[in-house]
Protein chains: 2
Amino acid sequence: MQFDDKVPIYYQIKNYLYHRMVAGELGLGEKLPAVRQLAVDLTVNVNTVQRALREMIDEGYIAPQRGRGNFVTQDATKIATLKQQLTTTYIQDLYGQLHALKLTDAEIIAEIKTYIQQRGDADDQRN
Amino acid sequence: MQFDDKVPIYYQIKNYLYHRMVAGELGLGEKLPAVRQLAVDLTVNVNTVQRALREMIDEGYIAPQRGRGNFVTQDATKIATLKQQLTTTYIQDLYGQLHALKLTDAEIIAEIKTYIQQRGDADDQRN
DNA sequence: ACTAGTGTTATATCTTTCTATAACACTATA
DNA sequence: TATAGTGTTATAGAAAGATATAACACTAGT
């Protein structure tokens, strides 16, 4: 995994894991890879992984079991809420940015549609 | 101005100034506020401002004149390109994030429209 | 009991960012 | 030629983030 050197790595790991949980790649109650394994996979120090997990545990998304592993919460509602929160936050950020660039609502939607359209075309060519 | 403590301040200042240039609040060839003034306005150290400006100068968006001030580039094309770059980058990021959350293209557009719609309603109530 | 696999914590060190403070260099104008 | 306004650079110290390395604590299976 490649990190953005403008943002703390532990923070990016946190978001990465949240994404995997929301996307269902890490299901409810599922055991996460061992911290040392995660550290190897992400080419990062154990303490850095631990820092990310620590915050996720404090926020209740992960339940640690000493000696056994870390497990995704069983709370489906919590994950669903997280998905909605992340979605809204991202959209809010984008809207704020583009609005600051003086794009109108219509222009914003148009730009996004154009981007997705072009992306689709590119996909067609690749496949 | 409030900063995100997850991203270097000098980097946020850079983006802030780019936004103002793209939005036309800082016109072509216009003189920027003095570095010390910017530092006061942003509640930040002069060196931090200077670090942001240094990169913008290296990238050719700002032309410094020792003893006189810093001036926005005269190159309209450069600013137009910047606007397009920023727009595309933001949209690309959003799309990548939401796609990672397993939202479909249609869902992405729908969520954005909903957000803008609700935002408009809120505006109506406020005004 | 031992061992392998796991989470947890600690220490020392390095790098980046930011700060306060100060000085230096140049321009324009009174 | 002063002086005020501007950019530029340097130094020393603080704080946050990462790293390598090591040790400790618990669980499960042999």
Side-chain angles (χ1 to χ4, degrees), chain A residues 1-18 20-21 25-74, chain B residues 1-18 20-21 25-74:
Chain A
M1 181 179 178
Q2 52 184 3
F3 296 105
D4 176 351
D5 70 354
K6 292 291 182 299
V7 182
I9 294 176
Y10 81 88
Y11 196 77
Q12 295 180 64
I13 292 175
K14 223 177 119 176
N15 279 317
Y16 165 69
L17 293 176
Y18 278 152
R20 294 196 55 187
M21 286 165 53
E25 294 164 17
L26 287 173
L28 294 179
E30 186 171 332
K31 179 173 174 298
L32 271 67
V35 288
R36 288 178 186 76
Q37 188 57 49
L38 273 175
V40 170
D41 294 347
L42 301 173
T43 329
V44 129
N45 190 274
V46 181
N47 287 313
T48 306
V49 172
Q50 197 69 5
R51 163 127 192 218
L53 295 183
R54 179 79 267 144
E55 297 196 356
M56 300 178 80
I57 290 166
D58 291 346
E59 294 169 9
Y61 293 100
I62 287 182
Q65 293 186 29
R66 202 187 181 97
R68 297 197 59 234
N70 288 297
F71 300 81
V72 176
T73 178
Q74 299 278 2
Chain B
M1 181 178 177
Q2 51 184 4
F3 296 105
D4 177 351
D5 70 354
K6 293 289 183 300
V7 182
I9 294 176
Y10 80 88
Y11 196 77
Q12 295 180 63
I13 292 175
K14 224 177 119 176
N15 280 316
Y16 165 68
L17 292 176
Y18 278 152
R20 294 196 56 186
M21 286 164 54
E25 294 164 18
L26 287 173
L28 293 179
E30 185 172 331
K31 180 175 176 296
L32 272 65
V35 288
R36 288 179 186 74
Q37 187 58 49
L38 273 176
V40 170
D41 293 348
L42 302 173
T43 330
V44 129
N45 190 273
V46 180
N47 287 312
T48 305
V49 172
Q50 196 71 3
R51 166 127 190 216
L53 295 182
R54 179 78 269 145
E55 297 195 359
M56 299 178 80
I57 291 166
D58 291 345
E59 293 168 9
Y61 293 100
I62 287 182
Q65 292 186 30
R66 201 188 182 97
R68 297 198 59 235
N70 287 298
F71 299 81
V72 176
T73 178
Q74 300 278 2

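Order of the sequence lines fixes the chain letters, A, B, ..., with proteins taken first and strands second; residue numbering starts at 1 for each chain.
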message = If you assign A/Gly67 and A/Pro8 each to the DNA chain D nucleotide with the nearest heavy atom, which residue ends up on the more 5' nucleotide?
response =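 The residue closer to the strand's 5' end, by nearest nucleotide, is A/Pro8.
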Just the rounded figure in Å: distance from [atom2] of [N] to [atom1] of [X].
X       : N      : atom1 : atom2 : result
A/Asp58 : C/dT8  : CG    : C1'   : 13 Å
A/Leu32 : C/dG5  : CG    : C1'   : 16 Å
B/Asp4  : D/dG17 : CG    : P     : 12 Å
A/Leu53 : C/dT9  : CG    : C1'   : 14 Å
B/Tyr11 : D/dA16 : OH    : P     : 23 Å
B/Lys31 : C/dA28 : NZ    : P     : 12 Å
B/Asp5  : D/dA16 : CG    : P     : 10 Å
A/Ile57 : C/dG7  : CD1   : P     : 9 Å

inquiry  = Salt bridge check, A/Glu30 against A/Arg20: does any charged N sit closer than 4.0 Å to a carboxylate O?
reply    =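 A/Glu30 and A/Arg20: not salt-bridged.
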A/Arg66 vs A/Lys6, nearer the 5' end of DNA chain C by closest nucleotide =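 On the 5' side of the pair lies A/Arg66.
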inquiry  = Tell me if a side-chain donor or acceptor on B/Gln37 pairs with a main-chain N or O of B/Ala34 at a distance below 3.5 Å.
reply    =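 Between the backbone of B/Ala34 and the side chain of B/Gln37 there is no qualifying donor-acceptor contact (under 3.5 Å).
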key: Distance-minimising heavy-atom pair for B/Leu28 and B/Thr73   =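 Smallest interatomic distance, heavy atoms only, reads CD2-O, 3.4 Å.
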Closest non-hydrogen atom pair between A/Gln12 and A/Met1, with its separation =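 That would be O-CE, 4.3 Å.
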Of the nucleotides [options], which one has an atom closest to the side chain of [X]?
X       : options               : answer
B/Asn45 : D/dA20, D/dT8, C/dA20 : C/dA20
A/Val46 : C/dT17, C/dT8, D/dG7  : C/dT8
A/Arg68 : D/dA28, C/dT17, C/dG7 : D/dA28
B/Ala34 : C/dG7, D/dG7, C/dT8   : D/dG7

inquiry  = Applying the side chain to side chain contact (heavy atoms under 4.5 Å, CB included) criterion to A/Leu38, which one of A/Val46, A/Val49, A/Val44, A/Thr48 satisfies it?
reply    =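 Checked A/Val46, A/Val49, A/Val44, A/Thr48 against A/Leu38; only one passes side chain to side chain contact (heavy atoms under 4.5 Å, CB included): A/Val49.
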Distance-only donor-acceptor test, B/Arg36 side-chain atoms vs D/dG7 base atoms, 3.5 Å =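 Yes.
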Distance-only donor-acceptor test (3.5 Å): side chain A/Asn47, base C/dA10 =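 Such a pair exists between side chain and base.
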query = Counting only side-chain N and O atoms of A/Thr48, is one of them less than 4.0 Å from OP1 or OP2 of D/dG17?
reply =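 Looking at the OP1 and OP2 atoms of D/dG17, neither is under 4.0 Å from any side-chain N or O of A/Thr48.
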